[in-house]
Amino acid sequence: MVKMIPSEISESTKSNAERYFYNVLRELDLGKTVYALHDLSVPGHAGKSKGEIDFVVICSMGIACLEVKGGRLSRRDGIWYGTNRSGEEHEKIESPEKQCSDNMYNLEKWLNTNVKIGKRIEFIYGLIFPDISFNKITQDIPKERVYDKNTEDAAEYLKVLFEYSKKGKYSYPDILTPSDIETIAGYLLADFDYAGTLDTRLGYTEKKIIQLTDSQKKALNMYSGNKHLLVKGGAGTGKSIIASEYALKCIYQGKRVLFLAYNKNIIRSIKDKFKASENIKVIGLHDLFIEFVGESQEMADKDSAAYYNEILPEKFNKFMCDMSEEERVKLQYDVIVIDEAQDILKLNYIDNIDYMLKGGLEKGQWAIFYDSRQNIYNSELEQGLEMISLYEHTEIELTCNCRNTYEIASFNAGLTGTELPDVLETAKGEDVGVITYNDETEFEGKVTELIKLLRSEDISLEEVVFLSFHRFENSVLSRLKSKKIKFNIINENYKIRKDVPAFSTIHSFKGLDAKIVVLIIEKESKNDDKLLKNLLYTACSRARTMLYVITTEEFKEKYINK
């Protein structure tokens, strides 16, 4: 499989031909390490400030620059014309062959200047005409360069294209190693303004491309020059996206990365993003401790809080202390990235993290991402932040919410007493639905009505997540009498079930998101006001496009209508 950048084609791409060929490239079989970059901006030439290449494929054979033209094409007296789906003909300013070859040569020049890998890299260009049979082969467009609707195997097309190009600059170009490919891709990735959202691995079918805000771009640009980063951002500001991009850039530089998080569902989603990379370890902090010192199930069952918060970290600390410096260095990583750090920054945890980093937290490279408002586990967060702040570092604050609609973000701010974040101007959506009930019988009726409504609006129920303060077996949902209403519990064995909504506790869904969230607030919900508002803030911010709150009239009057 090819590593596609971005991971899903942008919604702004209007060309059906490009959308089609994007999916063709995704299925290419050209070796273990292959990248395909869509819409790559390249330095321009005389009379043109910059160019753009539809697709750049980086593989062991070299670099292929591909120009895609959809619709009907013709050339008369040396001038290219295209016909759109409405039958309207328009003149092409530049021939596809010249456009692609010019951009390829500019990319080659830029790479040879900026990327020093000591290899003779084969650069080729090809023309993709997926809508037509292109039989008019000429001197400037040989058959080897053309992929048309009759081409059956894109991988074979590229192999032929590379072989044909050997008649040019290099008769025997060098084979690019996986490390060479990663290095080249790393340099080219820096030109993108788009980062794919992390895939939650919980199976929601909706994926989209998030345009990074100015503050996020600034943060990304600062990464290369700062060894210690402390990144603060509210829910939906892209912390996990940026944390992953930062880790990716470190991998491209040949560094070994330890990526730590607390929530097991987040860990699974991030592991999926990096499953093809060997230079990164994504793991939960407690699981990291257990890898070295083992787990005492008996002690965990007796007092799980004391075991995981005190005993297990202490055993790990002693294990590392007793180890020789030489042995310890072999275990250490070049970079540590911590996501959802508000759960991890405890004093004893920080001491143990220090052991895992080459040079320690004082001299080693680290990036820590956190949101104090999502702190629902760690009573020592303020002390932890103070300890981290003792090390010289760069603080970055992400302020733009690029996950939630304006309506969801505004509702969340009013409900929890938080400041309304900057929201992208285009992020307008549906009003938040507030549904009240008096007893469990009425609750069941309201849930049934909501599910019927979603189905009538052609919503796929697997895109819906019900969130609760309680585990499913302790929630009011488990006591529904109707056998027709089913839920897919999110746990370690979670898999999508078509037309079945998911269920999760707020705690377990922290750091993840869904297209539609239904928040259940029961009569006996948390009494501690600060913890309650932190949980509500976390829950509401999980919804990307629609949020429903099913609650009591009492709660509505106290918190929503206040």
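Quantities reported herein were computed from a predicted structural model and do not represent experimental measurements. For reference, positions follow the sequence shown, starting with 1. Side chains are part of it too, since the values below use all heavy atoms of this structure and drop only hydrogens, waters and symmetry mates.
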Salt-bridge present (Glu340, Lys264; N to O < 4.0 Å)
no
Subject >> Side chain to side chain, Leu107 and Leu40, heavy atoms closer than 4.5 Å >> reply: yes
**Whether His393 side chain and Leu230 backbone form a donor-acceptor pair below 3.5 Å** = no
Note: Arg373 and Tyr537 closest approach over all heavy atoms is CB-CE2, 3.3 Å
- Item | Phe472 and Phe487 aromatic ring geometry - parallel, tilted or perpendicular at 30°/60° bounds | tilted
Handout entry: Sub-4.5 Å side-chain heavy-atom contact between Ile506 and Phe469
Key = yes
Item checked: Beyond-backbone contact of Met356 with Leu288, side-chain heavy atoms, under 4.5 angstrom -> yes
In short, salt bridge (charged side-chain N to carboxylate O under 4.0 Å, His left out) pairs touching residues 351-363 with sequence neighbours left out are Asp334-Lys358
TODO: Under the side chain to side chain donor-acceptor pair (under 3.5 Å) rule, what do Tyr307 and Glu295 come out as? Steps first, then yes or no, please.
DONE: CA-CA 10 Å; Tyr307 178 71; Glu295 183 176 25; 5.4 Å; no
Donor-acceptor contact present, side-chain Thr113 to main-chain Lys109, <3.5 Å:
yes
_Non-hydrogen side-chain atoms of Ile516 and Glu463 separated by less than 4.5 Å_ = no
Report task. Quick one: do Lys32 and Glu278 satisfy salt bridge (Lys or Arg N to Asp or Glu O under 4.0 Å)? Show the steps, please. Result -> CA-CA 12 Å; Lys32 183 178 179 181; Glu278 297 178 356; 3.6 Å; yes
Tightest non-hydrogen contact, residues Leu385 and Ser372, listed as CD1-OG, 4.4 Å
Rounding to 0.5 Å, atoms CD1 (Ile353) and OH (Tyr333) come to a distance of 13.0 Å
To the nearest 0.5 Å, atom CD1 of Ile242 lies from atom NZ of Lys249 at 11.5 Å
Side chain to side chain, Val34 and Leu28, heavy atoms closer than 4.5 Å: no
Can you list the steps and then say if Tyr35 with Ile181 is a side chain to side chain contact (heavy atoms under 4.5 Å, CB included)?
CA-CA 8 Å; Tyr35 280 81; Ile181 295 169; 3.8 Å; yes
- Salt-bridge contact Lys232-Asp371 (side-chain N to carboxylate O under 4.0 Å): no
Report the C-alpha distance between Val465 and Leu512 in whole Å, list the side-chain angles of each, state the deciding distance to 0.1 Å, and finish with yes or no for side chain to side chain contact (heavy atoms under 4.5 Å, CB included).
CA-CA 11 Å; Val465 176; Leu512 303 176; over 6 Å; no
Decide yes or no on side chain to side chain donor-acceptor pair (under 3.5 Å) for Thr416 and Thr418, but give the supporting numbers first. CA-CA 6 Å; Thr416 60; Thr418 54; 3.0 Å; yes
Next on the checklist: Could you check whether any side-chain N or O of Ser460 sits under 3.5 Å from a backbone N or O of Glu462, counting only pairs where one atom can act as donor and the other as acceptor?
Outcome noted: no
Any donor-acceptor N/O pair, Asn534 side chain to Asn375 backbone, under 3.5 Å
yes
query: Should the pair Asp343-Lys510 be classified as a salt bridge under the 4.0 Å nitrogen-to-oxygen rule?
result: yes
Q | Test item: Val518 and Leu467 side chains (from C-beta on) under 4.5 Å apart, heavy atoms | A | no
Inset, instruction - Return yes if a side-chain donor-acceptor contact under 3.5 Å exists between Tyr349 and Asn309, otherwise no. - result: yes
In plain terms, say whether Glu327 and Lys330 are close enough for a salt bridge, that is, a side-chain N and a carboxylate O under 4.0 Å apart.
-> no
Note to self: Under a plain distance cut-off of 3.5 Å, with no hydrogens placed, do Asp301 and Gln297 share a side-chain donor-acceptor pair?
What the structure shows: yes
Rounding to 0.5 Å, atoms CG (Leu331) and CG (Leu357) come to a distance of 13.0 Å
Sequence neighbours excluded, the answer for side chain to side chain contact (heavy atoms under 4.5 Å, CB included) partners of Asn488 is Tyr494, Arg497, Val500
| query | Is Glu108 reaching over with its side chain to a backbone N or O of Phe123, donor-acceptor style, under 3.5 angstrom? | reply | no
(message) Walk me through whether Lys346 and Gln383 qualify under side chain to side chain donor-acceptor pair (under 3.5 Å).
(response) CA-CA 7 Å; Lys346 295 185 177 184; Gln383 297 97 308; over 6 Å; no
Check ion pair Asp272-Arg268 (N to O, under 4.0 angstrom): no
To the nearest 0.5 Å, atom CZ of Phe466 lies from atom CD1 of Ile489 at 11.5 Å
- Item | Whether Gln342 side chain and Asn378 backbone form a donor-acceptor pair below 3.5 Å | no
Indicate yes or no for a side-chain donor-acceptor contact from Asn348 to the backbone of Glu310 under 3.5 Å, with no hydrogens or angles considered.
no
query = In terms of side-chain geometry, is the basic nitrogen of Lys281 or Glu291 positioned less than 4.0 Å from the acidic oxygen of its partner?
reply = yes
Arg542 to Phe509 six-membered ring, cation-pi geometry met (6.0 Å, 45°) = no
query: Quick one: does Asp339's side chain get under 4.5 Å of Ile368's, heavy atoms only?
result: no
task = For side chain to side chain contact (heavy atoms under 4.5 Å, CB included), just list the numbers for Tyr246 and Leu229, CA-CA rounded to whole Å, side-chain angles, deciding distance to a tenth of an Å, and then say yes or no.
result = CA-CA 11 Å; Tyr246 177 74; Leu229 293 172; 4.1 Å; yes
Side-chain (Trp366) to main-chain (Val337) donor-acceptor, under 3.5 angstrom: no
In terms of heavy-atom contacts, Cys250 and Gln365 come closest through SG-NE2, 3.7 Å
Using 30° and 60° as the class limits, which term best fits the ring planes of Phe274 and Phe259: parallel, tilted or perpendicular? tilted
With distance as the sole test, does Ser541 use its side chain to make a donor-acceptor pair with the main-chain N or O of Thr538 at under 3.5 Å? yes
Side chain to side chain contact (heavy atoms under 4.5 Å, CB included) between Phe289 and Asn352, intermediate numbers included:
CA-CA 9 Å; Phe289 297 160; Asn352 288 334; 3.6 Å; yes
Nearest heavy-atom contact between Ala247 and Ile280 is CB-CD1, 4.0 Å
Within the side chain of Arg256, is there an N or O that forms a donor-acceptor pair under 3.5 Å with the backbone of Ile251? no
Next on the checklist: In terms of relative ring orientation, are His286 and Tyr308 parallel, tilted or perpendicular, with 30° and 60° separating the classes?
Outcome noted: tilted
Using a distance-only test with no angle check, is there a side-chain donor-acceptor pair under 3.5 angstrom linking His38 and Glu18?
yes
Of Asp174, Thr183, Asp180, Thr177, the one forming a side-chain hydrogen bond (donor to acceptor under 3.5 Å, both in side chains) with Lys119 is Asp180
Across all chains, not counting sequence neighbours, the side chain to side chain contact (heavy atoms under 4.5 Å, CB included) partners of Ala543 are Ile408, Val517, Leu547
One should read off an interatomic distance between Leu398 CG and Lys239 NZ, to the nearest 0.5 angstrom, of 7.5 Å
Report yes if the side chains of Leu30 and Val2 come closer than 4.5 Å at any heavy-atom pair, otherwise no. no
Rounded to the nearest 0.5 angstrom, the NZ-CE distance for Lys318 and Met323 is 11.5 Å
